[in-house]
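What follows is one structure encoded as structure tokens, with my remarks underneath.
The structure displayed is predicted, hence computed values, not measured ones. Side chains are part of it too, since the values below use all heavy atoms of this structure and drop only hydrogens, waters and symmetry mates. Counting starts at 1 for both ligands and their atoms, in listed order.
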Amino acid sequence: MTIIEVKHLVKKFKHFTAVDDLSFKVDKGEIFAFLGPNGAGKTTTVKMLTTILKPTSGDIKINHYNIKSDVIKIRRSFGIIFQDPTLEDELTAMENMKLHAYMYNMKKDDIYKLSKQFLEFVDLWDKKDVFVRDFSVGMKRRLEVARSFMHEPKILFLDEPTAGLDVQTRNYIWKYLKEIKEKHKVTIFFTTHYLEEAEKYADKIVIIDHGKLIIEGTLSSIKNRTKTKTLEEAFLKLTGHHIRDENEDAEMSHIKRRSFIYK
Ligand SMILES: Nc1ncnc2c1ncn2[C@@H]1O[C@H](COP(=O)(O)OP(=O)(O)OP(=O)(O)O)[C@@H](O)[C@H]1O
Ligand SMILES: [Mg+2]
């Protein structure tokens, strides 16, 4: 069953097209990896899917609701971890959980119970009264994971949830995510530059570049179609080896842009 449906999505910033006619579907309960080089348009897409940015054109359905008419219902359907941390440093872990609960208008009785449940879940219950400013990067990310579960969303959007984390913390974050997926049938939509995470955990993968969909499918189908042995090989074959220069001029980016799309 489809839980996220994107049709002909476009986002323009003045004359620059960051997301260019993107269409794809995500099934309920799957772990979906949304990949692409720096500047490919991943965060811009996540922001549109989570109602933070308004699309220039195209249609988005989340949990069967239309993004144009059912913003409030859609916002209740998902949890999000942004690429850049969004915790309040001057509040404790527990206060951050409560703030989130108030924003989601959660029932008073649930707030303590669910805060405890999810802080325990990410092994941070004993740190509940510590100020977030004193947390390590890994602890902050674990707290964000706990917070994103608080209102029991059907979908989790995770924009580079493990960027900059050590291997141990990355493994723990994935252990939490897999458990939450199994227990609560949550759909997980994530971006990452750690391709091995997509290889290990994703049921389905989409690769975009210059805002366009390049390929979609399971890991094995992508490797088969590109005649490669690893996702990294496939990724490089599809998106090229050059470094993405933010200042590259429009003409160069047009030349570098790949003209084919794998179907
Ligand atoms: N508000 C904005 N105004 C103008 N251009 C923007 C804006 N936001 C993003 N862009 C541009 O859109 C393109 C896509 O950016 P986006 O952040 O979506 O990429 P990304 O795939 O998330 O990259 P990364 O892997 O580096 O996080 C980039 O060229 C970026 O500079
Ligand atoms: Mg990004």
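- Salt-bridge annotation for Lys175 and Glu179: present, with a side-chain N of the basic residue lying under 4.0 Å from a carboxylate O of the acidic one.
- Counting only distances under 2.8 Å, and ignoring water, the protein N, O or S atoms around the Mg ion (ligand 2) are Thr43 OG1, Gln83 OE1.
- Looking at Gly39 next to ligand 1, an N or O pair under 3.5 Å apart turns up.
- For the ring-ring contact (aromatic ring centres under 6.0 Å, His included) test with Phe78, the passing option among Phe149, Tyr65, Phe189, Phe157 is Phe157; the others fail.
- In this structure, Arg170 satisfies the cation-pi test against Tyr194, with its NZ or CZ atom closer than 6.0 Å to the six-membered ring centre and inside 45 degrees of the ring normal.
- The pair Lys127-Asp134 does not count as a salt bridge, with every side-chain nitrogen at least 4.0 angstrom from each carboxylate oxygen.
- Comment: Lys116 engages Glu120 in a salt bridge, judged by a side-chain N to carboxylate O separation of less than 4.0 angstrom.
- In this structure, Gly41 counts as a contact residue of ligand 1, since one of its heavy atoms falls inside 4.0 Å of the ligand.
- Listed by atom number, the atoms of ligand 1 under 4.0 Å from Glu160 heavy atoms are 25 (O), 27 (O).
- Looking at Gln83 against ligand 1, only its side chain comes within 4.0 Å, counting heavy atoms.
- Ligand 1 places these atoms under 4.0 Å from at least one heavy atom of Thr43: 17 (O), 18 (O), 20 (P), 22 (O), 27 (O).
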Could you walk me through whether Lys223 and Lys229 satisfy the side-chain contact (heavy atoms from CB on, under 4.5 Å) test, starting with their C-alpha distance in whole Å, then the side-chain angles of each, then the deciding distance to 0.1 Å, before giving a yes or no? CA-CA 6 Å; Lys223 287 194 295 190; Lys229 290 198 171 63; 5.7 Å; no

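- Contact annotation: His193 has at least one heavy atom less than 4.0 Å from an atom of ligand 1.
- Asp203 and Lys181 are joined by a salt bridge, as a carboxylate oxygen and a charged side-chain nitrogen come within less than 4.0 angstrom of each other.
- One finds no salt bridge joining Asp20 and Lys11 here, because no Lys/Arg side-chain nitrogen approaches an Asp/Glu carboxylate oxygen to under 4.0 Å.
- For ligand 1, the polar-atom distance check finds no N/O of Ala18 at less than 3.5 Å from any of the ligand's N/O atoms.
- The distance from ligand 1 to the heavy atoms of Thr44 drops below 4.0 Å at these ligand atoms: 9 (C), 14 (C), 15 (O), 16 (P), 18 (O).
- The distance from the NZ atom of Lys7 to the CG atom of Leu22 is 14.0 Å, given to the nearest 0.5 Å.
- A salt bridge does not link Glu95 with Lys98: every distance from a Lys NZ or Arg NE/NH1/NH2 to an Asp or Glu carboxylate oxygen is 4.0 Å or more.
- With sequence neighbours left out, Phe190 forms a ring pair (Phe, Tyr, Trp, His ring centres under 6.0 Å) with Trp174.
- In summary, the atoms of ligand 1 found under 4.0 Å from a heavy atom of Phe16, numbered by their order in the structure, are 11 (C), 12 (O), 13 (C), 29 (O).
- For a threshold of 3.5 Å applied to N or O pairs, the pair formed by Thr45 and ligand 1 contains no separation below that value.
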